[in-house]
Amino acid sequence: MNFHVLTLFPDMIEAGLHTSVTGRALQNGYIHLNAVNIRDYSKDKHKHVDDYPYGGGAGMVMQPEPIYLAYEDITQNIEKKPRVVYVTPQGAVFNQSMAEEFAKEEDLIFLCGHYEGVDERILEEIVTDYVSIGDYVLTGGELPAMVMIDAVSRLVPGVLNNEESAEFESFHDNLLEHPQYTRPVEFHGKRVPDVLLSGHHGNVDKWRREQSLKRTLERRPDLLEQADLSKDDEKYLKKLKKDLHDQA
């Protein structure tokens with residue numbers, strides 16, 4: 001899979017993604033990264049890419065032409081029109097379902113804004129998706145772009161050593177992941193649950209599913225509305241809710 005990032009700070013993108021899992025994936029060729037410096041496409045002798053907004057107001061706005069020229073350079077070697085993600089607090093909030101959707105693409109372009117934003121005309125011309133990573137404002141789109149690339153990369157075949165890791169971690173089926181334990185068996189007076197030491201895979205799977213349901217109900221009950229629940233899941237959740245009501 002090919003990630004292209006239109007940015008004013010390509011070194012930031014390169015440094016952030018050439019480490020850990022994404023770094024290994026890049027080294028092994030499972031994913032490819034093309035961090036494009038928008039300033040390289042400025043026709044201004046000082047490489048300016050911003051100007052004052054029409055109508056007045058504070059701050060500067062990124063100009064459309066350097067962005068378009070960078071986009072044109074990238075897409076000349078891509079057969080079909082690629083998805084272009086504009087990173088903005090005004091966009092839909094990024095989630096696991098969106099990561100799974102993006103992972104189906106062969107090429108994905110991220111546009112990282114700065115200053116007071118980007119000229120609306122270039123957004124209308126090239127952007128296909130407006131995406132946010134949360135209801136807060138950052139100084140630029142580079143960190144959100146890296147967050148999304150990390151999440152999408154994990155879903156690309158071969159990136160993770162253990163193929164089950166991507167399938168059964170948090171947000172699979174819109175449920176949070178169950179608690180995890182490792183050695184020692186006892187730590188600060190707290191033991192690993194006996195069921196995990198039993199070697200009975202059926203009981204372990206049942207315990208993990210119930211813990212996943214319990215954790216989601218306690219921490220992110222909103223996810224349950226879209227969760228893929230069996231009759232046993234619904235029965236267990238009903239019991240949990242009754243117990244919580246009785247304790248209140």
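Side chains are part of it too, since the values below use all heavy atoms of this structure and drop only hydrogens, waters and symmetry mates. All values derive from a computational prediction rather than experimental measurement. In what follows, residues are counted from 1 in the order of the sequence shown.
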Should we say atom CD of Glu106 is surrounded by more than 12 heavy atoms from elsewhere, each under 6.0 Å from it?
no

Who pairs with Lys242 by side-chain hydrogen bond (donor to acceptor under 3.5 Å, both in side chains), at least two apart in sequence or on another chain?
Asp246

Regarding Ser230 and Asp233, do their side chains bring together a donor and an acceptor under 3.5 Å, going by distance alone?
yes

Hydrophobic cluster partners of Val192 (side-chain heavy atoms under 4.5 Å):
Tyr181, Val185, Val195, Leu196, Leu197, Val204, Trp207

Greater than 12 external heavy atoms within 6.0 Å of Lys231's NZ
no

Check whether more than 12 heavy atoms from other residues, nucleotides or ligands sit under 6.0 Å from atom CD of Glu186, and answer yes or no.
yes

List, by chain and number, the other hydrophobic cluster members for Val93, where Ile, Leu, Val, Met, Phe, Trp and Tyr join if side-chain heavy atoms come within less than 4.5 Å, directly or indirectly.
none

Side-chain atoms of residues 46-54: list all donor-acceptor pairs with protein atoms under 3.5 Å, sequence neighbours left out, distances to 0.1 Å.
{"residue": "Lys47", "atom": "NZ", "partner": "Ser42", "partner atom": "O", "Å": "3.4"}

Minimum heavy-atom separation for Thr128 to Pro82, with atom names?
CG2-O, 4.1 Å

Donor on one side chain, acceptor on other, His114 and Glu142, under 3.5 Å
yes

With sequence neighbours excluded, tell me which residues meet salt bridge (charged side-chain N to carboxylate O under 4.0 Å, His left out) with Glu72.
none

Can you see which heavy atom on Val159 is nearest to which on Arg24, and at what distance?
O-NH2, 3.7 Å

Atom CG in Asp107, atom OG1 in Thr75: separation rounded to 0.5 Å?
10.0 Å

Under the side-chain contact (heavy atoms from CB on, under 4.5 Å) criterion, do Met62 and Asp119 qualify, and how do the steps go?
CA-CA 6 Å; Met62 290 181 68; Asp119 189 295; over 6 Å; no

Tell me every residue that passes side-chain hydrogen bond (donor to acceptor under 3.5 Å, both in side chains) with Gln180, counting only those two or more places apart in sequence or in another chain.
Glu177

Are His4 and Tyr71, when compared by the centres of their aromatic rings, separated by less than 6.0 Å?
no

In this structure, NZ of Lys81 is separated from CD1 of Ile109 (nearest 0.5 Å) by 8.5 Å

Decide whether Asp129 and Tyr86 meet the rule of one side-chain donor and one side-chain acceptor closer than 3.5 Å.
no

If you compare all heavy atoms of Phe110 against all heavy atoms of Met148, which two are closest, and at what distance to 0.1 Å?
CE2-CB, 3.9 Å

Indicate yes or no: at least one non-hydrogen side-chain atom of Ile67 is less than 4.5 angstrom from one of Leu111.
yes

Taking the side chain from Ser212 and the backbone from Leu175, do they hold a donor-acceptor pair closer than 3.5 Å?
no

With a sphere of 6.0 Å drawn around CG of Asp135, does it hold more than 12 non-hydrogen atoms of other residues, nucleotides or ligands?
no

Value rounded to 0.5 Å, distance of CD in Glu125 from CD in Glu120:
12.0 Å

More than 12 heavy atoms of other residues, nucleotides or ligands under 6.0 Å from CD of Gln226: yes or no?
no

Short side-chain to backbone donor-acceptor contact, Asn28 and Tyr30, under 3.5 Å:
no

Please say which of Lys214, Arg208, Lys206 ends up in a salt bridge (Lys or Arg N to Asp or Glu O under 4.0 Å) with Glu210.
Lys206

Measure across Ile31 and Ser153 and return the closest heavy-atom pair with its distance rounded to 0.1 Å.
CD1-OG, 3.5 Å

